[in-house]
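Each remark here refers to the structure printed beneath this line.
In what follows, chains are A, B, ... by sequence order, proteins preceding strands, each numbered from 1.
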Protein chains: 2
Amino acid sequence: MMKHATLGNAAPKLPVLTEQNVESILVQHGYRLTRPRLAVISAALRHRHPFTAEQLVADLGTANGGAIGRATIYRTLEILAAVDVLTRLIQADGHPAYICDSPGHRHHIVCSGCGTAVAFTFCPIEELAPTLARDTAFEIHDHLLEVFGVCPSCQDSKRLPPQAHA
Amino acid sequence: MMKHATLGNAAPKLPVLTEQNVESILVQHGYRLTRPRLAVISAALRHRHPFTAEQLVADLGTANGGAIGRATIYRTLEILAAVDVLTRLIQADGHPAYICDSPGHRHHIVCSGCGTAVAFTFCPIEELAPTLARDTAFEIHDHLLEVFGVCPSCQDSKRLPPQAHA
DNA sequence: CACTTACTGATACCAGGTGTCAACAATCCG
DNA sequence: CGGATTGTTGACACCTGGTATCAGTAAGTG
Ligand SMILES: [Mn+2]
Ligand SMILES: [Mn+2]
Ligand SMILES: [Zn+2]
Ligand SMILES: [Zn+2]
């Protein structure tokens, strides 16, 4: 108990999930491999930072060659999250976003400057839950935890003198 | 360090903020005391559980005698939260709600059955933040934490044999 | 009481998201 | 392989929650 001198994996060592990986995961879960889904997958994997559903819609919408339906994009993202290829997180503005990181229970610290997110596996609620359950007599089922801040490189840029309205 | 054998105030001992209290708080902050605001305040204080802006709109909308404008209700809730009369929290469905409890930094455990929320003052992020900041080099500014579960009385009702579709 | 200025609320608008359902296309299977 | 099955698509209409506008109203002040 109390062993979080360091966090699970604050360092960015992504296992770099490939499209093939994701495709086989979908098949394993009984989903069909369709052209629109493949498009969503590759678009999602292309993002290094959290992205919203509407961003993907922009990526794949009628604007670009794709023309994948909005509904399909939303549906596919839901599936990818259910299959743990994507994690859904809540941005500081309260809107949901998706991020592609290694599977499992995670929380994120998200930069309000550039959107960079760093995941961590240490979950403070695990530690807190028993006490909380005892004190409140609630059955604890779930939780929501996001941390917001400014990443190192955005800290640096903020130190620069303000530009002339550029 | 590490003294959360018990939580701040899991027991429901509300100081029962009165309308007069709230009114004077608003005045102290330089807000005018208008008829619509008074209506919103009393409607808000009437709720013992978290409520959404749209719920208040229903309470005070053209349906009832009130007819307070939607925009006004949203604006007033924002003010009341800014003045720390209300706390804004995120429901399990991701949507924001307001709850009236004593001021200060709080988190809530919310019952997904009946909506009952119990606040607690212990914030696990405080403990976590230094480590997290060191490991990620982020500047930590804010966080979002909600716990979801089932309250004692909803646990009981779930134990009852299922009704005949009543 | 009259004046200033904060506040209101109708309206129009917006973003994000969901339900429908006929057309379509992966996959299966013979 | 070609056809049947059934999951999937996407246009569309629709919805909820929330915001911008701005002429009109009414708190507060002296
Ligand atoms: Mn957790
Ligand atoms: Mn906290
Ligand atoms: Zn950043
Ligand atoms: Zn309950």
Rounded distance in Å - [atom1] ([X]) to [atom2] ([N]):
X	N	atom1	atom2	value
Leu38(B)	dA6(C)	CG	P	19 Å
Leu56(B)	dG9(C)	CG	P	14 Å
His29(A)	dG7(D)	NE2	P	18 Å
His95(B)	dC15(D)	NE2	P	16 Å
Tyr98(A)	dG17(C)	OH	C1'	10 Å
Arg70(B)	dA10(C)	CZ	C1'	12 Å
Asp93(B)	dG16(C)	CG	P	18 Å
Ile68(B)	dC7(C)	CD1	P	15 Å

(request) Give the minimum heavy-atom separation between Pro96(B) and Thr52(B), together with the two atoms involved. (result) O-CG2, 3.8 Å
(request) Give the minimum heavy-atom separation between Cys151(B) and Cys111(B), together with the two atoms involved. (result) N-SG, 3.3 Å
(request) Take Glu54(B) and Arg70(B), measure what salt bridge (charged side-chain N to carboxylate O under 4.0 Å, His left out) needs, and give me the verdict at the end. (result) CA-CA 8 Å; Glu54(B) 288 300 321; Arg70(B) 225 156 83 90; 2.5 Å; yes
Answer yes or no: is there a donor N or O on one side and an acceptor on the other, between the side chain of [X] and the main chain of [Y], under 3.5 Å?
X	Y	result
Gln155(B)	Ala137(A)	yes
Ser112(A)	Gly149(A)	yes
Thr76(B)	Thr72(B)	yes

(request) Sequence neighbours left out, what passes side chain to side chain contact (heavy atoms under 4.5 Å, CB included) with Ile90(B)? Give chain and number order. (result) Leu144(A), Leu144(B), Glu146(B)
(message) Please enumerate all residues that pass side chain to side chain contact (heavy atoms under 4.5 Å, CB included) together with Val83(A), with sequence neighbours excluded.
(response) Ile25(A), Leu26(A), His29(A), Tyr31(A), Ile79(A), Val85(A)
(request) Using distance alone, with no hydrogens and no angle criterion, decide if His107(B) and His105(B) have a side-chain donor and acceptor under 3.5 Å apart. (result) yes
(message) Please report the end-to-end axis angle for the helix from dC1(C)-dG30(D) to dG30(C)-dC1(D), five pairs per end, rounded to 10 degrees.
(response) 30°
(message) Under the ring-ring contact (aromatic ring centres under 6.0 Å, His included) definition, can you give me all pairs with a residue in residues 39-59 of chain B, not counting sequence neighbours?
(response) His47(B)-Phe51(B)
(request) Say whether Val57(B) and Leu77(B) are linked into one hydrophobic cluster, either directly or through other cluster members, by side-chain heavy-atom distances under 4.5 angstrom. (result) yes
(message) It should be established whether Arg37(A) places a side-chain nitrogen or oxygen under 4.0 Å from OP1 or OP2 of nucleotide dT8(D).
(response) yes
(request) Would you give a per-nucleotide map of nucleotides 23-30 of chain C, 5' to 3', where B means the base has a protein non-hydrogen atom under 4.0 Å away, S means only the sugar-phosphate does, and - means neither? (result) --BBS---
(request) Select one nucleotide: of dG18(D), dG17(D), dG19(C), the one nearest the side-chain heavy atoms of Ala71(A). (result) dG19(C)
(request) Using heavy atoms and a sub-4.0 Å distance, could you list which residues of residues 72-86 of chain B are near DNA chain C? By number, please. (result) Thr72(B), Arg75(B)
